[in-house]
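The first residue in the sequence is number 1, and the count goes up from there.
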Amino acid sequence: LILLAGSLLVCAGSSIAAPWAMTAVLGSLLLLGKEFTRTILQENRVSVAAWLALIGALGVYYLWTISLGAVPTSIGGTGLSNLVYIVYEQTGLAGLGPGRLELREGRFSSFLRYIPGLALASLALLVVFVAAGGFLAGRAKRLKLSRWFAFLIVLPFSVIVIAAWAGQARLLGRHFTPLYPFLLFGLAVGTDQLSIRNGAPGKIALRAFLGLLLFSSLQIRFAPRHVRDDYRSATAEARRAVQSQGLVWWAADRATANYYGLPVAASASPTLVSLQSPFAHELPVLPEPDMIVRSKPDVYDGHAAVLAFALGRGYRVAHLFPAFEIWERSRPSLASPAESAGR
């Protein structure tokens, strides 16, 4: 009953979690054995029937939301590169490599100067996983680990990837959060095995892995290259222009702008126009802005139309914030990020 109720709450809270919860229920029933499963189902007929009805209703509801375009993220698609990045991020190596903005601009070439540290951390991580695999292999048959692995990891992972690929949605690391318990379990077993073994190579690999993982975490927290998009400062500049009766073009995320108090709607307002990767022919028909806020060009200015418009009409960058360019006609000089933050 706890499993059924828990899975129902998880599915109600997040559609992306539904495949993980449903396969957990299915896998648990199958792995308990036919006789035990039959007994459970017979003794809890009402609860199981209610669960099936509620899960079915949630399934219909989620299909309806998908038909309205409610997908994980409609910006970009799911491909091998972002799946590899998800693994890279979830294994804790992201702090040793380029920041998100650097990676966005330089793609895979941005990894070149970080190869030594990433190679060393990957090797240490591999040693930990090999140690975990060796320990679990001897217990795989008795604990039915291959079946658990298939039902709890491979099946939901495949369902989510196929659904995202078919729906042309882009998967992110957060969509695979249910993998963390299994990942942490493997790392814990591997580090435990290396810590009790005799031999210098294993001890060295363990210390290197833990040290590099700690360093990676500190880099994500404190390194300037891992700083997050500064929506707070960008929306503050946009609000200043709007309050001065200026017109702002907002080529960035709408939801985050609304969160920081900038009411960005899908349709244009007298003082604010939201742009989501527009084409060049769409811009001349709009009233010229006093300020242009541009973020993540590959996402919000994929055709470079906003950039071409700004350069062609004599706009200049007045402020630079992480992941943001603030273009204005009235400020011909380029301000440094420190000066912008001070103002």
Side-chain angles (χ1 to χ4, degrees), residues 1-67 70-72 78 83 86-87 90-91 128-167 169 171 173-193 196:
L1 292 178
I2 292 175
L3 178 62
L4 294 181
S7 65
L8 185 63
L9 290 173
V10 168
C11 293
S14 172
S15 58
I16 200 68
W20 304 96
M22 295 298 292
T23 51
V25 173
L26 177 61
S28 299
L29 290 176
L30 293 177
L31 289 167
L32 287 172
K34 294 181 180 179
E35 294 299 325
F36 195 57
T37 298
R38 187 181 297 112
T39 301
I40 289 177
L41 296 178
Q42 289 176 349
E43 293 178 353
N44 299 276
R45 293 176 182 175
V46 176
S47 300
V48 171
W51 180 81
L52 289 172
L54 291 172
I55 284 291
L58 282 175
V60 172
Y61 169 74
Y62 287 139
L63 290 176
W64 174 69
T65 60
I66 291 174
S67 70
V71 295
T78 294
L83 290 178
I86 288 172
V87 175
Q90 286 210 345
T91 50
V128 173
F129 276 132
V130 168
F135 176 81
L136 295 175
R139 295 156 178 79
K141 186 176 181 180
R142 177 170 58 87
L143 299 177
K144 302 178 181 178
L145 291 182
S146 59
R147 297 183 186 180
W148 283 108
F149 184 81
F151 278 108
L152 300 183
I153 298 178
V154 176
L155 182 58
F157 182 91
S158 303
V159 168
I160 291 174
V161 171
I162 292 172
W165 179 78
L171 292 175
R174 64 175 180 267
H175 301 134
F176 294 93
T177 302
L179 282 179
Y180 268 120
F182 305 101
L183 175 63
L184 295 177
F185 174 74
L187 293 176
V189 170
T191 54
D192 179 66
Q193 289 300 298
I196 62 177

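Taking each heavy atom of A132 and V189 in turn, the nearest pair found is CA-CG1, 3.9 Å. Across V87 and T91, no two heavy atoms sit closer than the pair O-OG1, 2.8 Å. The two atoms that bring I153 and W20 nearest to each other are O-CZ3, 4.2 Å, heavy atoms only. Here the closest heavy-atom approach between residue T23 and residue L152 is recorded as O-CD2, 4.1 Å.
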*Starting from the C-alpha separation in whole Å, work towards a yes-or-no answer on side-chain contact (heavy atoms from CB on, under 4.5 Å) for M22 and I55.*
CA-CA 9 Å; M22 295 298 292; I55 284 291; 3.7 Å; yes
*Mind running side-chain contact (heavy atoms from CB on, under 4.5 Å) on L58 and L8 for me, showing each step along the way?*
CA-CA 9 Å; L58 282 175; L8 185 63; 3.8 Å; yes
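With sequence neighbours excluded, the residues that form a side chain to side chain donor-acceptor pair (under 3.5 Å) with S7 are W51. For F151, there are no ring pair (Phe, Tyr, Trp, His ring centres under 6.0 Å) partners at least two apart in sequence or on another chain. Scored by the side chain to side chain contact (heavy atoms under 4.5 Å, CB included) test, L9 finds no partners at all (sequence neighbours excluded). V154 meets the side chain to side chain contact (heavy atoms under 4.5 Å, CB included) test with F149, S158; sequence neighbours excluded. Residues meeting the side chain to side chain donor-acceptor pair (under 3.5 Å) test with E35, sequence neighbours left out: R38. Shown here are the side chain to side chain contact (heavy atoms under 4.5 Å, CB included) partners of I86, two or more places apart in sequence or in another chain: L83, Q90, L171, F176. With sequence neighbours left out, A18 forms a side chain to side chain contact (heavy atoms under 4.5 Å, CB included) with C11.
The distance from atom CG of L4 to atom OG of S28, rounded to the nearest 0.5 Å, is 9.5 Å. With rounding to the nearest 0.5 Å, the separation of CG in L187 from OH in Y180 is 10.5 Å.
Sequence neighbours left out, not one pair with a member in residues 40-55 passes salt bridge (charged side-chain N to carboxylate O under 4.0 Å, His left out). The side-chain hydrogen bond (donor to acceptor under 3.5 Å, both in side chains) contacts involving residues 128-141 comprise nothing, where partners must be two or more places apart or lie in separate chains.
Atom CZ of F36 has 12 or fewer heavy atoms from other residues, nucleotides or ligands within 6.0 Å. Within a 6.0 Å sphere centred on CG of L184, other residues, nucleotides and ligands contribute more than 12 heavy atoms.
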